[in-house]
Amino acid sequence: MVKHQPLQVYEKQVFVSFVTGIYGCRWKRYQRSQDDSSRWECTWFFILCSSFLLLLFWAYFWLVAQNDFNEFNWSVYNRSGEWRDETIPILASTTVGFSYITFLLILALFHISLGQQLNLYWVHKIGVLATLLTTVSGVVSVDDIWGDEWDILLVSLQATAPFLHIGALATVTAVSWLVAGYVVRRERSNFQMMVLLIYIVILLAVYVAPLTFTCPCIMDRHGLSPRPDVIGRRGAPMLAPENTMVSFNRALQHGASSLEADVSISLDGVPFLMRDHTLRRTTDVRKVFPARQFDDASFFNWTEIRSLNAGQWFLESDPYWTVKTLTSKERGRIGNQSVCSLVEMLRLAARANSSALLNIRKPPPEHPRHRSWFMDTLWAVQKAGISQKRVTWTPDTDRGRVRGLQQTTNEKLSVEEIRQRGITSLTLHYGKASHKDIQEYLANNVSVTVYPVNEPWLYSTLWCSGVPSVSSDAPQVLRKVPYPIWLMSQSAYSFIWVSSDLVSLAIVIGIFCFQKWRMSRMQNYNPEQIMLSAVARRSSRDVNIMKEKLIFSELNNGLSSTEELSLYPENGYARYSHGGLSH
């Protein structure tokens with residue numbers, strides 16, 4: 001006699017298998033569970049969410065920090081002594097890590113939505129920890145090497161806050177599906193109420209967040225100031241070697257109204273252009289004077305400096321990935337560049353009817369021109385034949401001796417201090433120039449130049465703030481910004497803000513009501529009606545029938561009437577009846 005167990009029929013769940021298989025390596029149905037996740041797995045879900053938020057912050061930081069990639073590489077160079085584009089490995093690892101963590105988080109949310117138990121595979125746990133620790137170490141390293149750059153996050157919010165608000169609004173609205181599904185369960189607990197309370201607080205905070213925004217481009221377009229002038233900072237260093245004649249020419253060709261240069265004084269009193277303290281990065285001093293390559297640039301005489309090549313390094317290192325865009329003629333010209341003197345740059349500015357901004361590095365105390373460096377600089381200005389009104393003096397020392405030049409400072413001062421020092425303008429880092437400060441300076445007839453401005457979003461924000469001029473490493477980029485990237489009136493933005501909040505609120509309330517109705521319907525459903533009888537109505541092509549387990553027993557053991565099963569070939573299925581099986 002043959003004894004049969006009840007025939008089991010399952011639907012194929014390809015998507016569920018995909019989700020649970022990749023997340024927890026649970027590819028088979030019997031490996032999955034709809035029980036509540038353990039505290040250990042909930043802890044890993046919290047770590048996953050924390051890693052995602054940290055990587056989201058990290059990715060956003062590097063997205064807006066593109067404005068200062070050159071400054072970052074220069075900071076690393078000053079520490080290591082070697083010039084490399086350190087942003088490439090950082091961006092590559094951030095992209096990979098963020099994509100990986102985001103994918104795992106999406107799978108985890110699908111687990112919650114489908115009612116599946118969380119069980120992160122051990123390989124993924126190692127990957128999440130590695131990604132988290134790598135990101136934390138990156139944040140600590142940047143804070144050590146480039147700590148001032150965190151200011152760009154607050155500055156960037158002036159341009160991105162309205163769009164980030166819409167993204168946050170869509171996110172918290174979508175999360176309401178998971179929160180509602182968890183809160184409306186039959187079993188009520190204090191933790192459920194805490195989750196609901198936290199969600200409501202976050203939701204309300206997102207709704208009223210625009211009250212804290214300070215966005216200069218939310219303004220009447222009729223109040224927009226004229227387009228800020230662009231100063232070529234070291235010329236156009238993305239297109240040609242910095243502080244060279246070809247670089248300054250390229251800046252003027254791309255619409256720069258002024259030229260900015262870093263000035264050092266040679267051993268014999270000739271002002272020349274050099275940003276670094278040494279000649280290693282931007283010349284071939286290693287080949288020409290290998291024993292003196294680490295010496296201060298100001299301890300070379302002008303004849304020695306003039307003998308160095310100042311362009312070949314640009315072609316070899318390609319610091320901005322722009323060499324491939326150059327023609328063979330342009331490469332040849334760049335390859336023959338020498339160190340530029342201050343006189344040459346000022347003569348170029350005079351011919352172009354342009355002005356010049358000079359950042360002068362005072363020679364060290366042991367330098368023979370330590371006390372006469374300002375006289376050397378004034379002599380170069382007079383020799384170049386440029387009007388003194390077109391030359392702006394930056395150093396805070398010896399201002400009384402250079403009264404004929406325009407006076408500026410890189411220090412943030414009050415209006416009273418500016419007047420006492422006889423300064424007519426300020427040259428400020430964008431992290432120090434808030435919208436409120438800029439408006440105050442302009443109201444007191446103090447001109448403001450902001451540096452470095454290399455990205456269109458920052459240029460647009462400062463344009464809306466009324467800044468008269470910006471100093472840029474990328475005049476060729478800013479030339480393509482004829483109008484602020486976005487400009488919106490206060491009434492238009494208020495309408496978008498309130499409408500978005502109301503739509504989100506309506507969707508959230510609808511989701512909670514639907515989840516409540518769905519749960520009550522499931523609770524009122526009779527489990528006996530969800531038996532295999534529903535399967536009998538399906539075609540055999542829509543189900544996957546597990547093989548029957550045949551149990552052979554001896555005839556003398558007998559059979560219980562409730563355990564016997566009769567097979568009917570006409571439908572291929574077995575069903576229970578009250579007290580036995582029916583077909």
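Quick caveat, the model's predicted, so the values are computed rather than measured.
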Counterpart residues, disulfide bond (SG atoms under 2.5 Å apart), relative to Cys340 (two or more places apart)
none
Euclidean distance, Asp229 CG relative to Ser258 OG, rounded to 0.5 Å:
6.5 Å
Hits for side chain to side chain donor-acceptor pair (under 3.5 Å) against Lys412, two or more places apart or cross-chain, chain-then-number order -> Asp437
Phe46 CZ: over 12 foreign heavy atoms closer than 6.0 Å:
no
Let me check something: any side-chain donor-acceptor pairs from residues 145-155 under 3.5 Å, sequence neighbours excluded? List them with distances.
{"residue": "Glu149", "atom": "OE2", "partner": "Tyr430", "partner atom": "OH", "Å": "3.3"}
{"residue": "Trp150", "atom": "NE1", "partner": "Asp143", "partner atom": "OD1", "Å": "2.9"}

Contacts of Ser469 meeting side chain to side chain donor-acceptor pair (under 3.5 Å) (sequence neighbours excluded), chain-then-number -> Thr449
Got a sec, which residues hit salt bridge (Lys or Arg N to Asp or Glu O under 4.0 Å) with Glu417, two or more places apart in sequence or on another chain?
none
Set of residues satisfying side chain to side chain contact (heavy atoms under 4.5 Å, CB included) with respect to Glu416, sequence neighbours excluded:
Ser414
Glu71 meets the salt bridge (Lys or Arg N to Asp or Glu O under 4.0 Å) criterion, sequence neighbours left out, with Arg233, Arg275
Decide, yes or no, whether a salt bridge links Asp262 with Arg361 under the criterion of side-chain N to carboxylate O below 4.0 Å.
no
Residues in side chain to side chain contact (heavy atoms under 4.5 Å, CB included) with Val96, at least two apart?
none
Are any non-hydrogen side-chain atoms of Ile90 and Phe72 less than 4.5 angstrom apart?
yes
Cys215 meets the disulfide bond (SG atoms under 2.5 Å apart) criterion, sequence neighbours left out, with none
Please lay out, stage by stage, how Leu224 and Tyr483 fare under the test side chain to side chain contact (heavy atoms under 4.5 Å, CB included).
CA-CA 10 Å; Leu224 184 65; Tyr483 200 73; 3.8 Å; yes
Could I get the full list of ring pair (Phe, Tyr, Trp, His ring centres under 6.0 Å) partners for Phe98, not counting sequence neighbours?
Phe52
Can you list every salt bridge (Lys or Arg N to Asp or Glu O under 4.0 Å) pair that touches residues 341-358, not counting sequence neighbours?
Arg306-Glu344
May I ask you to decide if the ring planes of Tyr199 and Phe512 are parallel, tilted or perpendicular, using 30° and 60° as cut-offs?
tilted
Report yes or no: do Asn454 and Ser472 form a side-chain donor-acceptor pair below 3.5 Å?
yes
Can you list every pair that meets ring-ring contact (aromatic ring centres under 6.0 Å, His included) and has a residue in residues 202-223, with sequence neighbours left out?
none
How many angstroms lie between atom CG of Asn67 and atom OH of Tyr459, to the nearest 0.5 angstrom?
13.5 Å
Using a strict threshold of under 4.0 Å (side-chain N to carboxylate O), is an ion pair present between Arg281 and Glu82?
no
